[in-house]
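Reading through the structure tokens given below for one structure.
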Number of protein chains: 2
Amino acid sequence: MATIREVARLAGVSVATVSKYLNGTKVREANARAVEEAVRALDFKPNEIARGLRKSSVMTVGVLLPELDNLFFTEIISAVDSVLEERGYSTLVCVTHSDPEREQRRLDFLRRKRIDGLIAVPTTAASDFATIAGDLPTVFVDRVVSVPPGGKCSSVLSDNFAAAYGAAEELIRAGHTRIGVLLGPDSNYTPLERRAGFLAACSLHGIGAEKLLIRSGEYSIEAGYRMTRELLRLPDPPTALFATNNELTIGSVKALAEAGITAGEGISFLGFDNRTLAEVSHPPLTVIVQPVEEIGRTAAEELLRLIDGEPGGKILHLPTETIRGASVTNPII
Amino acid sequence: MATIREVARLAGVSVATVSKYLNGTKVREANARAVEEAVRALDFKPNEIARGLRKSSVMTVGVLLPELDNLFFTEIISAVDSVLEERGYSTLVCVTHSDPEREQRRLDFLRRKRIDGLIAVPTTAASDFATIAGDLPTVFVDRVVSVPPGGKCSSVLSDNFAAAYGAAEELIRAGHTRIGVLLGPDSNYTPLERRAGFLAACSLHGIGAEKLLIRSGEYSIEAGYRMTRELLRLPDPPTALFATNNELTIGSVKALAEAGITAGEGISFLGFDNRTLAEVSHPPLTVIVQPVEEIGRTAAEELLRLIDGEPGGKILHLPTETIRGASVTNPII
DNA sequence: TCAGAAACAGAAAACGATTTCCGTATTTTC
DNA sequence: GAAAATACGGAAATCGTTTTCTGTTTCTGA
């Protein structure tokens, strides 16, 4: 592949002139023409590696996340990538499989690649910014990491508390008091927030925790399925179910279908995130959806700000949206 | 961030020694120790950019695909990434949004990054390898591109012909002769293969094309929905439906649900790809699933072979799998 | 026409690693 | 114990750009 040297020779100018012309510094008209032609003739493409070395910036941000086979994450990356690409950055994706050791290795890898910034959905639990990213501009997504005020990192996530609060109100307003809630692992941040939001709304309406049937487990289809079956088998089963994540929603829907229960008839159902499943269901499900696209965009924009040296330390909560289907109805007493 | 020079100084050796030690060449025990310690003390991480420049290989492969918000693609990337990472390669993902111009720009970008190989789901239609990738080792996924025998590229995809052939047999065996088929755009390669496979099986069983109700349109939920409604409204509607892609399947399921038709009772249904929807449906759907994980792995392995200089020119067809639910039954005459 | 200013071109020094090549230590062999 | 063989360390070249800094043109205005 042609180098800038060969272009210079063919054009009869110095490499400095070629470089300047290609980077927008003014050169003599005749030279510009000659360079242009040489570039075309040799199909010259500047070596970004050499460029990156000299400029000590490769215009790359790392993205560190648990999995690639999960639309929640990939839709976020998609938005992140759109924003970053527009500003000339490329995106280097690394998968952790939720393994802390692997996470550390991949992070090391990204640092060796001299990334300019990081977008991370960290797995490591009780971690602060410094141990994860050092002094790298970083935006955490769907996680809150202890954020030094004005430091080089921020967080972007849905307002999980408000989402669950709203969900509870939705169900209570319809007349439910005996509600089953399917939560993710207690070790994660978001399930705790969702639990807290839900409980807050309930207690405000005088519904004690003892009437609630809260279950927590993995974020998986199987867990959702299992927990739903458990709840349905209770002597006094709940009149409404709230599944707080995509996988739990899928599992729950499956269990209901198997039990011959139509959401909104035998029991009310409030799901999370899976817009498509909600639409395709009959009747359509009521679901709370996270603004994935906006989360991605916001994270990318905040990261660009951090890279530009502006202070971070923000925690950006984005509102969720409730898509009303017909799966939340009055309870049959 | 520390450089190899500072490590050398602190360890009291030359940069050559540091480099050698870190790259596995034997050095004196005492020096090894000193380097080790200096590396730790300075938290030295080799600059992969400088390294890449000198070695003229950055151990990176590009991935060029239409979208990131589609599990079919992201599951493939996931597998690709696993295989490549194990061999020390990183994956640089670029999205084309199915826009040929953008595809060209992103490809240019990847070449400037001096990637060692490419995995591509090209959008550009009638294109041959040379115009897309030049002499870059390339594996095309879910597309067949005119492959120079022994050249530096190969293709990996499902055996779409066989999949559709099998689908037709499945339905014919159950007794259906009046079958509605939902296909993707005629301008793509895979819909044509699927159509051909389906027709081949039908004609073998003496079912003329005139009895079939073949519709083609976009690969979208809306198209699937629309085409299904059209078919259901016919004076003599089909007794079975075959949706040939994930989105078409979703749209079709939605239309059926809305029409109050249960797949496998009023009408038989054969879907594609969406394992989760198939499982969660009631009754579970019979679907043909593509071996996404294996497609990804195979593509990555083939690419590694090409990068190692072995000849390409292969077209690798991987068998699909039929997951039998209860949505294909005998027709009610 | 010429001095001074402004515009531009080019040689060479970075950037941070790897690698070659040569010289010195160390070991082996008789 | 000396010569030959081997092992190892280090100076310097290299990868392909950008950028600085100096030197040369070209332009301007009286």
Side-chain angles (χ1 to χ4, degrees), chain A residues 1-39 41-60 88 90 108-116, chain B residues 1-39 41-60 88 90 108-116:
Chain A
M1 188 156 261
T3 71
I4 200 175
R5 221 160 224 100
E6 305 172 44
V7 173
R9 185 163 348 124
L10 184 59
V13 297
S14 77
V15 295
T17 301
V18 177
S19 174
K20 282 176 193 152
Y21 171 66
L22 293 177
N23 288 289
T25 304
K26 238 181 163 183
V27 300
R28 230 195 301 276
E29 175 68 20
N31 288 340
R33 229 187 272 283
V35 170
E36 189 70 48
E37 195 173 325
V39 165
L42 298 171
D43 189 30
F44 171 68
K45 301 197 196 308
N47 184 328
E48 288 292 336
I49 306 304
R51 206 148 180 269
L53 175 60
R54 176 59 227 235
K55 306 190 71 161
S56 61
S57 156
V58 273
M59 299 294 282
T60 298
S90 46
D108 236 66
F109 168 81
L110 288 171
R111 307 220 64 169
R112 289 203 303 272
K113 287 270 186 182
R114 296 302 190 266
I115 52 172
D116 301 290
Chain B
M1 185 154 264
T3 71
I4 200 174
R5 221 159 225 99
E6 303 172 46
V7 174
R9 186 161 348 123
L10 184 59
V13 298
S14 75
V15 295
T17 302
V18 177
S19 173
K20 281 175 193 155
Y21 172 66
L22 293 177
N23 289 289
T25 305
K26 239 183 164 182
V27 301
R28 232 197 299 276
E29 175 68 19
N31 288 338
R33 232 187 270 282
V35 170
E36 189 70 46
E37 196 174 324
V39 164
L42 298 170
D43 190 28
F44 171 68
K45 300 196 197 309
N47 184 327
E48 288 293 335
I49 307 303
R51 207 149 179 269
L53 175 60
R54 176 60 228 239
K55 306 189 69 159
S56 61
S57 156
V58 273
M59 299 295 282
T60 297
S90 47
D108 235 67
F109 168 81
L110 288 173
R111 308 221 62 169
R112 290 202 304 272
K113 287 272 185 183
R114 297 301 191 265
I115 54 172
D116 302 290

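Predicted model, so just to flag it, every value in this text is computed and none were measured. Lettering of chains follows the sequences in order, A, B, ..., and the numbering in each one begins at 1.
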What integer distance in Å separates B:Glu48:CD from C:dA17:P? 10 Å
Do other residues, nucleotides or ligands put more than 12 heavy atoms under 6.0 Å from A:Arg112 CZ? yes
Roughly, in whole Å, what's the span from CZ in B:Arg54 to P in D:dA13? 13 Å
Does A:Asn47 put a side-chain nitrogen or oxygen below 4.0 Å from OP1 or OP2 of D:dC15? no
Rounded to whole angstroms, how far apart are CE on B:Met1 and C1' on C:dG16? 13 Å
Closer than 3.5 angstrom, by distance alone: can the side chain of A:Thr60 be matched with the main-chain N or O of A:Val58 as a donor-acceptor pair? yes
Atom NZ of B:Lys113 and atom P of D:dT17 are separated, to the nearest Å, by 14 Å
Would B:Lys113 and A:Glu48 pass as an ion pair if we require N to O under 4.0 Å? no
Using whole Å, report how far NZ of B:Lys55 lies from C1' of C:dG16. 14 Å
Looking at B:Arg28, I'd like to know whether one of its side-chain N or O atoms comes within less than 4.0 Å of OP1 or OP2 on D:dC8. no
Pair A:Arg33 + A:Glu37: basic N to acidic O under 4.0 Å: no
Distance-only polar pair, side chains of B:Arg51 and B:Asn23, donor-acceptor under 3.5 Å: yes
Could you check whether any side-chain N or O of B:Asn31 sits under 3.5 Å from a backbone N or O of B:Val27, counting only pairs where one atom can act as donor and the other as acceptor? no
Give the rounded distance in Å between these two atoms: CZ of A:Arg112 and C1' of C:dC15. 19 Å
Under 4.0 angstrom between A:Asn31 side-chain N/O and C:dC8 OP1 or OP2: no
Within this structure, what is the NZ-to-P distance between B:Lys26 and C:dA25, rounded to whole angstrom? 21 Å
Starting at atom CZ of B:Arg51, determine the distance to atom C1' of C:dG16, rounded to an integer number of angstrom. 12 Å
Quick one, B:Arg114 and A:Met1 - any side-chain contact, counting heavy atoms below 4.5 Å? yes
So, with a heavy-atom separation below 4.0 Å from DNA chain C, the residues of residues 3-22 of chain A are A:Val13, A:Ser14, A:Ala16, A:Thr17, A:Lys20
If you assign B:Leu53 and B:Glu29 each to the DNA chain D nucleotide with the nearest heavy atom, which residue ends up on the more 5' nucleotide? B:Glu29
